[in-house]
Protein chains: 2
Amino acid sequence: MAARYIEIKNSIQKDILSHRYQVGEKIPSERELAAQYGVTRVTLQKAMHVLEQEGFIERIHGKGMFVTKVIEDNVYMLNNGTGDSILGFSREFGQQAKISSRLVTHQIIPAPQTVASQLELDAQQDVHFIRRIRFIDDVPVLVEDSWINSDVIATIPQAVLEQRSLYQYIEEVTGKKIKFYNSVIEGDLFNDELAALLSISPGLPMLKVSGVTKLEDGKAFNFSCSYNRADKFKIKNSWVGK
Amino acid sequence: MAARYIEIKNSIQKDILSHRYQVGEKIPSERELAAQYGVTRVTLQKAMHVLEQEGFIERIHGKGMFVTKVIEDNVYMLNNGTGDSILGFSREFGQQAKISSRLVTHQIIPAPQTVASQLELDAQQDVHFIRRIRFIDDVPVLVEDSWINSDVIATIPQAVLEQRSLYQYIEEVTGKKIKFYNSVIEGDLFNDELAALLSISPGLPMLKVSGVTKLEDGKAFNFSCSYNRADKFKIKNSWVGK
DNA sequence: TAGTGGTCTAGACCACCTG
DNA sequence: AGGTGGTCTAGACCACTAG
């Protein structure tokens with residue numbers, strides 16, 4: 001049972017995506033929507049603030065709330081620069097793109113120092129190391145490395161790694177939700193090794209996204225790093241500032 | 001007069017930065033802090049949610065709130081990928097870096113189509129076009145292009161462009177606060193023109209950040225695009241997900 | 001002046017964690 | 001059991017925008 005404000009947020013988001021609320025135009029006022037959904041203004045505002053953060057609406061003091069004009073684009077968006085790129089995939093025109101994965105390697109190794117520090121565990125402690133290639137419409141577009149604390153997940157079925165979402169599996173096994181933290185975006189060039197995995201030329205530009213994933217109880221369980229073809233991806237920074 | 005929750009957020013942020021609250025350790029509970037500041041829990045929570053968004057603390061249900069372990073780094077952070085890089089500059093170890101600018105060009109031109117669309121004005125309408133180079137410790141690290149609606153600001157003194165913050169000037173002149181929207185991050189390689197401006201080799205990796213800036217009344221007044229040396233910058237994605 | 005979003009109060013109940 | 005964050009109510013007043 002999700003929180004009421006999340007339900008409301010999803011409901012209004014659906015209304016926006018289905019063009020029930022027209023692009024650029026005003027949506028009903030907080031007081032109206034609060035009455036419609038049978039909640040107080042405070043609760044409704046929480047929903048609307050999330051929608052604003054995620055870039056669906058703009059709130060203008062004294063005027064009202066407006067559906068954000070969405071900019072069309074022919075590249076893919078990594079929605080929030082979170083590690084698990086596959087979760088962030090979205091296309092302005094629906095999800096008809098075919099997404100697939102290939103597992104390059106999966107082994108248990110002693111945690112490298114940088115990984116151990118990120119996962120807040122002792123060096124040399126065992127972690128899963130997983131390298132996967134992601135395809136969109138059968139074109140390889142990114143390499144993703146993950147280091148996962150083996151205390152949290154002892155074994156990972158190969159089927160999970162070949163299919164959709166490792167995170168969903170971890171949520172199921174642990175019974176806890178996940179949170180992303182400290183995501184960092186860098187630019188670089190593809191080296192020979194990564195370029196070979198994607199069948200592209202070394203020296204092409206890359207967007208590198210790394211970050212830590214934690215369980216809702218604060219336990220860090222995953223450090224991931226993805227190497228994305230910069231000609232295929234942009235990152236939308238969902239942020240409203242000042 | 002800022003909102004109370006913003007004052008409280010700044011106060012606690014200061015306590016974190018001054019290490020009054022130790023890294024990784026628990027800070028007082030919501031109820032305690034609310035009592036200290038003489039506000040209700042709801043108000044205090046607003047402050048803490050902002051601190052969480054900005055990466056200063058982690059909130060863990062049932063346990064408490066903890067100061068985030070900050071990862072040291074020897075590159076600069078573009079805090080939120082907002083257009084005006086100079087505002088986003090921050091170094092983990094204080095602000096002792098020397099920041100300067102050089103104005104390359106400032107002219108009034110008819111708005112190119114993409115700019116007009118972003119600024120929601122008619123094509124061919126006049127805009128300022130400004131290109132500046134930013135230096136850190138006298139090393140050129142980025143080029144920033146800005147297109148500014150001349151309806152909002154008719155004239156811009158050269159001194160403003162050579163000094164610190166154009167945005168601060170605009171806030172003063174218009175008497176309105178500014179908001180950032182729709183910031184997008186891309187990776188690319190420096191071409192000959194941009195590389196020459198920074199005295200680097202073409203083909204080096206770049207982080208490109210573009211976005212629209214609006215006044216608080218919703219009026220779009222600035223489209224900016226910055227080209228950042230990827231060996232000098234990372235972008236911290238202040239986001240807490242799920 | 002009427003309508004809008006922005007902030008804030010003083011409670012309440014729930015879900016989660018630890019001892 | 002006691003403390004923690006997560007959510008929600010039913011009001012209230014303020015600041016801003018419009019006609």
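Just so we're on the same page: letters track the sequence lines, and every chain starts at 1.
Using a 3.5 Å distance cut-off with no hydrogens or angles, the side chains of Y37(A) and S11(A) do pair a donor with an acceptor.
Rounded to an integer number of Å, the gap from K26(B) NZ to dG5(D) C1' is 11 Å. Counting to the nearest Å, the P atom of dT4(D) and the CD1 atom of I57(B) are 15 Å from each other. Rounded to whole Å, atom C1' of dG5(D) lies 11 Å from atom CZ of F66(B).
Toward the 5′ end of DNA chain D lies the nearest nucleotide of E32(B), the other residue of the pair E32(B) and R31(A) mapping further downstream. Nearest-nucleotide positions on DNA chain C place T43(B) closer to the 5' end than the other of D217(A) and T43(B). Each of R41(B) and K63(A) lies near DNA chain D, and the nucleotide nearest R41(B) is the one positioned closer to the 5' end.
Using a 4.0 Å heavy-atom cutoff across all strands shown, T40(A) reaches at least one base atom of the nucleic acid. When heavy atoms are screened at a 4.0 angstrom cut-off, G38(A) is found touching the sugar-phosphate backbone but no base atom. Counting non-hydrogen atoms under 4.0 angstrom, Q45(B) reaches a base of the nucleic acid. Contacts of M48(A) with the nucleic acid, taken as non-hydrogen atoms under 4.0 Å apart, are absent.
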* In sequence, state the C-alpha distance, the side-chain angles, and the governing distance for Y167(A) and F180(A), and then conclude on ring pair (Phe, Tyr, Trp, His ring centres under 6.0 Å). => CA-CA 11 Å; Y167(A) 289 170; F180(A) 301 90; 5.7 Å; yes
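Between V23(B) and I16(B), the closest side-chain pair of non-hydrogen atoms is not below 4.5 Å.
Checked against salt bridge (Lys or Arg N to Asp or Glu O under 4.0 Å), R41(B) has the following partners two or more places apart in sequence or in another chain: E30(B). For E7(A), the side chain to side chain donor-acceptor pair (under 3.5 Å) partners are R4(A), not counting sequence neighbours. Shown here are the side chain to side chain donor-acceptor pair (under 3.5 Å) partners of Q36(B), two or more places apart in sequence or in another chain: there are none.
Extent of DNA chain C lying under 4.0 Å from chain A heavy atoms, first and last nucleotide in 5' to 3' order, is dG3(C) to dC17(C).
Stem analysis of DNA chain D (Watson-Crick or G-U pairs, both distances under 3.5 Å, runs of at least three) returns C:1-18 with D:1-18.
Pairs passing the ring pair (Phe, Tyr, Trp, His ring centres under 6.0 Å) check and including a residue from residues 110-129 of chain A, sequence neighbours excluded, read H106(A)-H128(A), F129(A)-W147(A).
By the 4.0 Å N-to-carboxylate-O rule, E58(B) lies too far from K179(A) to be salt-bridged with it.
Applying the 6.0 Å contact sphere to CD of Q158(B) captures no more than 12 heavy atoms from other residues, nucleotides or ligands.
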